[in-house]
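Notes follow once the structure below has been shown.
Every value quoted in this text rests on a predicted model; they were computed, and no experiment measured them. Every chain is numbered from 1, with letters handed out A, B, ... down the list of sequences. The figures here come from the full heavy-atom set of this structure, side chains too, leaving out hydrogens, waters and symmetry mates.
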Number of protein chains: 2
Amino acid sequence: MFQIQPYSPVPVYEQIVSQTERLVLSGVLKAGDQMPSVRSLSIRLSVNPNTIQKAYNELDARGVLCAVPGKGCFVAVNAGERLTELCRGKLTELRSLADVLALAGIPKEELIQCIESAYEKR
Amino acid sequence: MFQIQPYSPVPVYEQIVSQTERLVLSGVLKAGDQMPSVRSLSIRLSVNPNTIQKAYNELDARGVLCAVPGKGCFVAVNAGERLTELCRGKLTELRSLADVLALAGIPKEELIQCIESAYEKR
DNA sequence: TAACTGTACTAATAGTCATAGTACAGTTAT
DNA sequence: ATAACTGTACTATGACTATTAGTACAGTTA
């Protein structure tokens, strides 16, 4: 369910956050689904429980997960919509990336091609 | 020449690196131009000399600048070409960003519009 | 009651970023 | 030659983050 690269420069908890968000967006995780517990996932990924908790807290704060003390951690009801809103903020990222690539003289068609192929997969 | 945000999450030396690269790509800095000295720039930006040196070292390693002990730091002869090559690597970044946005259901047209407006500026 | 759940702490380690200070060697103009 | 510049190298320190480690508490469920 999760693929963790321990020696990556991107923190483990961020890997869990982004991979969870991907699973929600791709429909693998649906609203109400129970997530693995903090302890069990920490054992399965050979990672400290605190690292998992940090990831779950972040996802809870973003409205993707809903943690219930004593019961477990569940996918929030409007997780998909929340993520779409959050992703819209990434358009700024795309804009500045396109700015640099344009400045570097990369042909516009190459960028368009990247976009096209990303949408063809679906 | 440089606009530094000291409390930004992106390190000061990285800000200098990326801003220098932008100046080279936009033609403000041309091959052979002498950069401000480590010490003078550190004073002007109210930053430690070591921070400037780290930025210049990085730019030297990327082939953008050419540091000559005793003389100064100069824009490398093929700085523009080096940067174009380096930027081509960022297409991967664009690809994964487009993947996420596509997955989130952001309309393809919005992404295309970002690309178009970036190239219209030029 | 026992075994699970999330949560909240503290402590310690490791790494990065930045500051601070010093020193050395090469270049240049006076 | 001297002074003033240049890049470079090095150590030490403080702040912050990521992570591991361990313990403890409160709610839930069979």
Query raised in the report: Considering residues at least two apart in sequence or located in another chain, which fulfil the salt bridge (Lys or Arg N to Asp or Glu O under 4.0 Å) criterion with A/Glu116?
Result: B/Lys108

Query - Contact residues, residues 73-80 of chain B to DNA chain D [heavy atom, < 4.0 Å] - result: B/Cys73

Requested in this report: Name all residues meeting the side chain to side chain donor-acceptor pair (under 3.5 Å) criterion together with B/Asp33; count only those two or more places apart in sequence or in a different chain, and write none if there are none.
Outcome: none

Query raised in the report: Quick one: do A/Glu58 and A/Arg62 make a salt bridge, cutoff under 4.0 Å?
Result: yes

Query raised in the report: Atom CG of B/Leu41 and atom P of C/dT19: how far apart are they, to the nearest Å?
Result: 12 Å

Sequence neighbours excluded and cut-off under 3.5 Å, please list the side-chain donor-acceptor pairs for residues 68-76 of chain A, or say none.
none

Report task. Can you see which heavy atom on A/Val100 is nearest to which on B/Cys87, and at what distance? Result -> CG1-SG, 3.8 Å

Query raised in the report: Linking Ile, Leu, Val, Met, Phe, Trp and Tyr through side-chain heavy atoms less than 4.5 Å apart, which residues share a cluster with B/Ile43?
Result: none

Check: residues 25-32 of chain B side-chain donor-acceptor pairs under 3.5 Å, at least two apart:
| unit_1 | atom_1 | unit_2 | atom_2 | d |
| --- | --- | --- | --- | --- |
| B/Ser26 | OG | B/Arg22 | O | 2.9 |
| B/Ser26 | OG | B/Leu23 | O | 3.3 |
| B/Lys30 | NZ | B/Gly27 | O | 2.5 |

Query raised in the report: What side-chain hydrogen bond (donor to acceptor under 3.5 Å, both in side chains) pairs are there with at least one residue in residues 37-50 of chain A, not counting sequence neighbours?
Result: A/Ser37-A/Ser40, A/Asn48-A/Asn50

**Report entry** Whole-Å distance separating the CD atom of B/Glu58 from the C1' atom of C/dC17
**Finding:** 14 Å

Query raised in the report: Can you tell me how far C1' of D/dC10 sits from CD of B/Gln53, to the nearest Å?
Result: 10 Å

Query raised in the report: Atom CD1 of B/Ile43 and atom C1' of C/dT19: how far apart are they, to the nearest Å?
Result: 15 Å

Query - Counterpart residues, side chain to side chain donor-acceptor pair (under 3.5 Å), relative to A/Gln34 (two or more places apart) - result: none

Report task. Give DNA chain D the dot-bracket treatment, 5' to 3': Watson-Crick (N1-N3 with N6-O4 or O6-N4) or G-U (N1-O2, O6-N3) under 3.5 Å, [ ] crossing, | other strand. Result -> ||||||||||||||||||||||||||||||

**Report entry** ILVMFWY clustering at 4.5 Å (side-chain atoms), partners of B/Leu94
**Finding:** A/Leu91, A/Leu94, A/Leu97, A/Leu101, A/Ile106, A/Leu111, A/Ile112, A/Ile115, A/Tyr119, B/Leu91, B/Leu97, B/Leu101, B/Ile106, B/Leu111, B/Ile112, B/Ile115, B/Tyr119

Report summary line: Rounded to whole Å, the CG-C1' distance (B/Leu65 to D/dT6) equals 15 Å

Query raised in the report: Excluding sequence neighbours, so at least two apart, what forms salt bridge (Lys or Arg N to Asp or Glu O under 4.0 Å) with A/Arg82?
Result: none

Report task. Report the distance from atom CG of A/Asn57 to atom P of C/dA8, rounded to the nearest whole Å. Result -> 7 Å

Query raised in the report: Please give, in whole Å, the distance from D/dG7 P to B/Leu59 CG?
Result: 13 Å

Query - Heavy-atom protein contacts under 4.0 Å, nucleotides 18-30 of chain D, coded B base, S sugar-phosphate only, - none - result: SSBBB-B--BSS-

Query raised in the report: Between atom CD1 in B/Ile52 and atom P in C/dA20, what is the gap in whole Å?
Result: 13 Å

